[in-house]
Amino acid sequence: MTQRSRQAKTLADWQAAADTVKPGLKTRAFINDEFVDALSGETFETINPATGEVLAHIASCDAADAERAVGHARSAFRAGSWSRLAPARRKQVMLRLADLMEAHRDELALLDTLDMGKPITSALGDMAGAIGCVRHQAESIDKVYGEVAPTGDEALALVLREPLGVVASIVPWNFPLMMTAWKIAPALAAGNSVILKPSEKSPLSALRLAELAREAGLPAGVFQVLPGFGHTVGKALALSMDVNCLAFTGSTAVGKQLMQYAGQSNLKRVFLECGGKSPNLVFADCKDLDRVAVSAAEAIFHNQGEVCIAGSRLLVENSIRDVFVDKLLSAAQGMQPGDPLDPSSFMGAIVDAGQHRRILDYIAKGVAEGACLRAGGEARDGAGLYITPAVFDGVTAAMAIGREEIFGPVLSVFGFDTEQEAIALANDSDFGLAAGLWSQDIDRIMRVTRRLESGQVFVNNWAGGDQTVPFGGVKQSGNGRDKSHHSLEEYSELKSVWMSLSS
Ligand code: NAD
């Protein structure tokens with residue numbers, strides 16, 4: 001299918017595509033190259049949050065399935081069918097996988113949209129990110145060299161970079177396939193055996209990916225997918241004595257648990273991409289307030305606000321605040337939620353009833369705490385879990401809506417008078433994932449950028465980046481980095497070899 005015909009798809013086209021895809025959904029775990037039921041025979045429902053429809057009953061893996069998959073992953077690693085394959089050959093297989101993902105791009109996007117409610121246009125954007133990541137990591141791996149250390153003549157010392165072994169990737173539901181690709185692509189490229197645990201709220205695209213990985217030629221046991229709950233199969237992987245690395249994207253609370261599990265078990269490497277409460281700083285000297293207002297609204301309302309780097313704290317210089325907030329409200333007005341299958345919907349449905357309730361509770365708390373709700377924050381009647389974009393003004397750092405990650409379409413606007421005050425407000429957070437700043441003053445841009453406690457800083461944009469730049473947080477937003485060649489470092493270890501030489 002060409003790009004042109006894809007863009008031209010209408011709501012009716014996507015509805016028809018959904019009807020075609022549903023009967024063939026993959027529902028079983030993928031272990032050692034086969035789709036199998038959970039050993040317990042248990043299943044769980046996955047539900048379309050835009051309609052309430054039960055899409056499928058998915059295998060609910062637990063500790064027994066985890067043990068089985070870890071055994072196969074270890075055997076595959078030791079056998080060397082992937083771990084010792086020449087990097088250039090691993091590259092070929094991974095490029096085939098990327099091509100297959102590209103060929104099934106609309107289907108994969110549709111699975112994520114049906115499973116967790118994101119707009120189809122946004123899901124298609126995720127696919128570009130996921131496929132780009134697999135290609136980038138595949139292309140990188142045969143360009144990684146070891147080192148010869150600068151020793152004297154008495155020795156030759158090599159520094160080799162080797163895969164870790166068995167990597168368990170535990171991922172969330174907000175960008176199901178893209179977060180998956182960010183984790184599995186560098187881990188596989190580096191030669192590891194990977195066990196993926198998708199979120200119980202969005203398992204469908206991961207299971208279809210397993211089928212594509214098999215078709216691409218990944219050997220048995222090298223890539224396995226275990227759907228199920230965090231407290232069952234996720235915990236079992238985290239406590240396993242034979243998993244070498246936990247690569248996690250999800251909430252800070254679960255990230256903290258995973259570090260404890262690693263300490264209780266085998267000191268596996270734990271690398272975490274967690275939550276955020278990202279500040280977006282708008283200085284009075286920025287250019288084109290209309291454009292900045294649209295970007296600031298997109299920064300929070302994209303993907304219904306279910307984004308780790310959502311620009312959920314908007315810090316505006318008081319001299320322009322009233323004018324700016326009016327522009328922001330008008331931008332937000334054009335970002336209402338709608339049917340996720342409709343290509344004109346900017347926001348879709350909230351992932352499930354629990355998250356929907358949680359967001360509405362935060363909105364009620366914001367009002368009770370004295371913030372001014374300028375617009376939105378309403379649930380829509382009907383089966384679909386929708387919430388209109390909410391803008392609170394006059395928020396302070398003491399309020400829950402100003403400090404805690406809501407993970408929904410709720411924006412908190414703060415005012416500031418000086419640059420120092422803006423920096424202090426921005427850094428007054430447990431999180432440090434992303435920050436934005438809008439200004440035309442290059443001295444200010446450099447000063448503020450250096451002082452922001454954040455894994456990434458967006459200057460005169462929000463969420464800019466591509467496969468060449470690392471992504472990750474500081475403080476309680478986590479450690480380690482996805483994307484770029486730096487992510488390969490997370491999934492490999494150095495081995496030092498000292499060879500004595502006789503003179
Ligand atoms: P979550 O922490 O509830 O779940 C994430 C994954 O961990 C799921 O697969 C879940 O089943 C699993 N899990 C839960 N409890 C577990 C346990 N005890 N042991 C092992 N695994 C367990 O997060 P979520 O609700 O799926 O996703 C939302 C969170 O993810 C937000 O906090 C968001 O900021 C964060 N996130 C971060 C990034 C990033 O790159 N920093 C990207 C996307 C999402």
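Remember, it's 1-based here, ligands and their atoms both numbered in the order they're listed. Just so we're clear, the structure is a prediction, and the values are computed from it rather than from any experiment. Each residue takes its place number in the sequence, starting with 1.
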Checklist line | Contact atoms of ligand 1, heavy-atom distance to M179 under 4.0 Å | finding: 42 (C), 43 (C)
Notebook entry, point to check: Can you find a pair of side-chain heavy atoms, one from K201 and one from M116, that are under 4.5 Å apart?
Noted result: no
Check: Do Q476 and K256 have a side chain donor and acceptor closer than 3.5 Å?
Finding: yes
Notebook entry, point to check: Numbering the atoms of ligand 1 from 1, which are under 4.0 Å from a heavy atom of Y261?
Noted result: 18 (N), 19 (N)
Check: Which heavy atom of D33 sits nearest a heavy atom of L218, and at what distance?
Finding: OD1-O, 4.4 Å
Item checked: Heavy-atom gap L258 to ligand 1 smaller than 4.0 Å -> yes
Next item on the list: Would you mind listing which atoms of ligand 1 come within a distance below 4.0 Å of any non-hydrogen atom of T249?
Entry: 5 (C), 36 (N), 37 (C), 38 (C), 39 (C), 40 (O), 42 (C), 43 (C), 44 (C)
Check: Which heavy atom of the protein is the closest neighbour of atom 2 (O) of ligand 1, given with residue, atom name and distance?
Finding: S251 OG, 2.6 Å
Check: Counting only heavy atoms, which portion of C274 has something under 4.0 Å from ligand 1: side chain, backbone, both, or neither?
Finding: backbone
Margin query: Counting non-hydrogen protein atoms only, what is the nearest one to atom 8 (C) of ligand 1? Give residue, atom name and distance.
Written below: V171 O, 3.4 Å
Notebook entry, point to check: Counting only heavy atoms, which portion of Q257 has something under 4.0 Å from ligand 1: side chain, backbone, both, or neither?
Noted result: side chain
Next item on the list: Fit a plane to each ring of F35 and F30, take the angle between them on a 0 to 90° scale, and name the class: parallel (under 30°), tilted (30 to 60°) or perpendicular (over 60°).
Entry: tilted
Check: Of all heavy-atom pairs between H356 and I350, which one has the smallest distance, and what is that distance?
Finding: N-CG2, 3.6 Å
Show which side-chain atoms of residues 56-71 pair as donor or acceptor with protein atoms under 3.5 Å away, not counting sequence neighbours.
{"unit_1": "D62", "atom_1": "OD1", "unit_2": "A64", "atom_2": "N", "d": "3.0"}
{"unit_1": "D65", "atom_1": "OD1", "unit_2": "L39", "atom_2": "N", "d": "2.8"}
{"unit_1": "D65", "atom_1": "OD2", "unit_2": "D62", "atom_2": "N", "d": "2.9"}

Next item on the list: Would you mind checking which non-hydrogen protein atom is closest to atom 12 (C) of ligand 1, with the distance to 0.1 Å?
Entry: I170 CG2, 3.6 Å
Check: With K118, which of N174, T113, N303 fulfils side-chain hydrogen bond (donor to acceptor under 3.5 Å, both in side chains)?
Finding: N303
Notebook entry, point to check: Hey, which atoms in ligand 1 end up nearer than 4.0 Å to a heavy atom of F248?
Noted result: 2 (O), 5 (C), 6 (C), 7 (O)
Margin query: Side chain, backbone, both or neither: which applies to K201 and ligand 1 if a contact is any heavy-atom pair less than 4.0 Å apart?
Written below: neither
Margin query: Between D115 and P176, is there a side-chain heavy-atom distance shorter than 4.5 Å?
Written below: no
Checklist line | Sub-4.0 Å heavy-atom contact, S477 with ligand 1 | finding: no
Item checked: Nearest non-hydrogen protein atom, atom 20 (C) of ligand 1 -> G234 C, 3.2 Å
Checklist line | Contact atoms of ligand 1, heavy-atom distance to W173 under 4.0 Å | finding: 24 (P), 25 (O), 26 (O), 27 (O)
Item checked: Shortest protein heavy-atom distance from atom 13 (N) of ligand 1, along with the residue and atom involved -> G230 CA, 3.4 Å
Next item on the list: Considering only non-hydrogen protein atoms, determine which one is nearest to atom 34 (O) of ligand 1 and report residue, atom name and distance to 0.1 Å.
Entry: E405 OE2, 2.6 Å
Item checked: Under 4.0 Å to a heavy atom of L433 - the qualifying atoms of ligand 1, by number -> 41 (N)
Next item on the list: Show which atoms of ligand 1 fall inside a sub-4.0 Å distance from at least one heavy-atom site of V254.
Entry: 2 (O), 13 (N), 14 (C), 15 (N), 16 (C), 22 (C)
Checklist line | For ligand 1, the portion of F175 having any non-hydrogen atom under 4.0 Å away | finding: neither
Next item on the list: Kindly check if the number of other-residue, nucleotide or ligand heavy atoms within 6.0 Å of CZ (R451) is above 12?
Entry: no
Check: With a 4.0 Å cut-off on heavy atoms, does W182 reach ligand 1?
Finding: no
Next item on the list: Determine, for D361 against K365, whether the closest basic-nitrogen to carboxylate-oxygen distance falls under 4.0 angstrom.
Entry: no
Note to self: Please work out, at 4.0 Å between heavy atoms, whether the side chain, the backbone, both, or neither of A238 comes within that distance of ligand 1.
What the structure shows: neither
Notebook entry, point to check: atom 36 (N) of ligand 1: protein heavy atom closer than 4.0 Å?
Noted result: yes
Notebook entry, point to check: So, E139 and K91, do they make that salt bridge, N to O below 4.0 Å?
Noted result: yes
Check: atom 11 (O) of ligand 1: which protein heavy atom is closest, and how many Å away?
Finding: E200 OE1, 2.7 Å
Notebook entry, point to check: For E53, does the CD atom have more than 12 heavy-atom neighbours from other residues, nucleotides or ligands under 6.0 Å away?
Noted result: yes
Notebook entry, point to check: Any idea which protein heavy atom is nearest atom 28 (C) of ligand 1, and the distance to it?
Noted result: F407 CE2, 3.5 Å
Extract all donor-acceptor atom pairs below 3.5 Å that involve side chains of residues 429-438 and protein atoms in other chains or at least two apart in sequence.
{"unit_1": "S429", "atom_1": "OG", "unit_2": "F431", "atom_2": "N", "d": "3.0"}
{"unit_1": "W438", "atom_1": "NE1", "unit_2": "N280", "atom_2": "OD1", "d": "3.0"}

Next item on the list: Answer yes or no: is there a side-chain heavy-atom contact under 4.5 Å between S202 and P172?
Entry: no
Margin query: I need the contact type for N174 against ligand 1. Using non-hydrogen atoms and a strict under-4.0 Å cut-off, is it side chain, backbone, both or neither?
Written below: side chain
Margin query: Is any side-chain heavy atom of Q336 closer than 4.5 Å to one of R380?
Written below: yes
